[in-house]
*Asks:* 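The structure's right below; bear with me while I get my questions together.
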Amino acid sequence: MQTSTLPISYAQLTFSVLLVLITGGIASLLRLGLLKSLVWGTVRTFVQLTLVGYVLTYLFKLNSFWPVLLVTLLMSFVAARTAVKRTPNVRNYPTLLAFVSLLASTYLVGSIVTGLIIAPTPWYSPRIVIPIFGMLLGNSMNGIAISLDRLYADARARAAEIEALLTFGATPWEAIQSSVREALRAGLTPTINSLMVVGIVSLPGMMTGQILGGADPLQAVRYQIVVMLMIAAAVAIGCLLLVGFSFKKLFTSDGALQPFVGQSRQ
Amino acid sequence: MFFSFRDLSFAAGSQAPFVLSAALKAGEILVVRGPSGVGKSTLLRILARLQPASGGTAYLEEQPWQDIPSPIWRASVHYVAQKPALFDGSVADNFAKPFSLRTLSGTSPDPARTGALMETLKLPPTLWEQDARTLSGGEASRVAFIRGLLIEPKVLLLDEPTAALDETSRTAFYGVLGDWLKGAGRAALLVSHTDDYLDLPGLKFLDLAESRRRPLP
């Protein structure tokens with residue numbers, strides 16, 4: 001990386017344990033019952049990030065296409081699994097649909113960013129592609145989870161109204177439209193809000209990292225702008241796809257509302 | 001037959017499933033009777049294709065229901081719930097909303113007829129612009145009834161339509177329903193706990209408790 005990076009040695013890293021002691025002190029003093037999780041979490045942070053460091057070093061050295069593809073696929077799959085599990089209003093949602101939505105949205109946006117805007121050589125350069133996908137997936141994952149959850153919750157809340165529309169000959173799409181809109185709005189709102197406050201309330205992690213790494217702040221800002229906009233695009237596409245795949249699941253093949261949506265009525 | 005169902009079977013509660021058949025000529029009304037919870041609403045919801053039957057077929061003008069796409073069926077065999085859900089917006093928006101759907105596109109309600117129906121059903125003209133969520137139970141059920149009449153269904157499935165109405169509104173309601181049934185190609189099913197529908201023309205009865213005791217062969 002840039003020559004101006006201030007390296008942290010392993011000896012210096014051990015000092016960060018001091019910070020854990022402070023957190024642990026507060027946790028045990030107030031008997032928060034978090035001590036075990038804190039220790040376990042600290043260990044995991046060290047182990048996971050160190051491993052990722054090695055994996056990334058290895059991938060950057062390899063600098064070839066197939067490993068990058070494999071890693072981004074794996075990342076998408078894990079993100080899809082996590083998104084599907086984070087939806088209290090939805091039970092047993094197929095991971096595959098979330099996976100397809102995430103894959104389509106991140107690959108489309110990711111290729112625009114790496115191929116058109118950053119344009120590294122080679123175009124699949126893991127040093128660019130992997131962090132970009134990480135940021136896209138991290139945000140899309142939350143977005144689609146919120147959208148999916150809201151779609152189900154809103155459909156349940158409006159079940160009587162949806163059925164009333166059906167009795168006038170509404171198609172499932174016509175009957176569910178307002179819930180779909182609500183779901184997309186919910187999924188996109190956090191991302192759009194972050195566009196408003198970025199740089200004022202929060203200095204985003206990516207930009208901070210680059211600046212700490214010694215990069216020119218103006219360059220870091222340009223990267224950050226690209227990152228913010230690409231995240232918004234990926235979240236929008238991901239939510240749209242997943243909600244599009246999902247709304248039909250709320251209806252039977254005869255176009256009636258599924259019993260699990262409207263059960264509260266009787 | 002104008003509207004009929006044959007060997008329609010469905011389970012309600014933990015008891016043995018029903019197997020029901022009935023047939024209506026145009027102008028007739030079938031009153032579905034039985035104690036609460038016996039499955040009267042379920043029967044209407046099944047006929048509206050809001051939930052599936054475990055067997056049997058319903059026919060509209062001799063056409064079996066599987067030959068008619070469900071949106072078209074539901075607009076023709078229109079179900080009015082006991083506690084009808086009104087749409088967001090004013091009462092006028094509620095009358096207009098169904099006509100924004102593809103199934104009913106190209107048609108629109110006749111404002112003079114809507115006004116006349118409101119008047120006959122003792123709804124003041126000021127209600128027109130009122131937010132539908134602020135209506136009383138009795139107002140809401142009459143608005144839902146008018147909303148249903150406006151789309152010109154062939155069969156009305158009415159679930160306790162007068163439960164929230166007072167004496168005068170009930171009489172007015174049955175007056176409107178009786179007049180409506182006199183039009184060409186119309187029939188209705190009615191679930192009601194009171195006996196005040198007895199002046200209606202073309203009455204037929206289906207007693208669910210009876211049919212459970214002696215299942216039809």
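Residue numbers start from 1 in every chain, and the chains themselves are labelled A, B, ... in the order their sequence lines are given, proteins ahead of strands.
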*Asks:* Starting at OG1 of A:T171, measure out to CZ of B:R74 and round the result to the nearest 0.5 Å.
*Replies:*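 One finds 10.0 Å between OG1 of A:T171 and CZ of B:R74.
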
*Asks:* Report which part of A:L165 has an atom under 4.5 Å of a heavy atom belonging to chain B: side chain, backbone, both, or neither.
*Replies:*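 Interface part for A:L165: both.
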
*Asks:* What part of B:I151 lies closer than 4.5 angstrom to a heavy atom of chain A: side chain, backbone, both or neither?
*Replies:*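 The answer is the side chain of B:I151.
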
*Asks:* Is it the case that atom CD in B:E119 sees more than 12 heavy atoms from other parts of the structure closer than 6.0 Å?
*Replies:*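 For B:E119, atom CD is not crowded (no more than 12 foreign heavy atoms under 6.0 Å).
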
*Asks:* Of all of A:T252, A:T167, A:L166, which one pairs up most often with chain B through heavy atoms under 4.5 Å apart?
*Replies:*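 Highest number of heavy-atom pairs under 4.5 Å: A:T167.
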
*Asks:* Chain A: which of B:K83, B:R102, B:H78 shares the most heavy-atom pairs with it under 4.5 Å?
*Replies:*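 Among B:K83, B:R102, B:H78, the one with the most close pairs to chain A is B:H78.
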
*Asks:* Closest heavy-atom contact between A:A164 and B:A85?
*Replies:*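 Closest pair (atom of A:A164, atom of B:A85, distance): CB-O, 3.8 Å.
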
*Asks:* With a 4.5 angstrom heavy-atom cut-off, is it the side chain or the backbone of B:K97 that approaches chain A, or both, or neither?
*Replies:*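 The answer is the side chain of B:K97.
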
*Asks:* How about B:R6: does its CZ atom have over 12 heavy atoms from other parts shown lying under 6.0 Å from it?
*Replies:*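 At most 12 heavy atoms, drawn from other residues, nucleotides or ligands, come within 6.0 Å of this atom.
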
*Asks:* Which residues, numbered in order, of residues 138-149 of chain B come under 4.5 angstrom of chain A by heavy-atom distance?
*Replies:*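 B:R147, B:G148, listed by number.
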
*Asks:* Using every non-hydrogen atom in the two residues, find where A:G169 and B:L101 come nearest and quote the distance to one decimal.
*Replies:*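 Residues A:G169 and B:L101, closest heavy atoms: C-CD1, 4.3 Å.
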
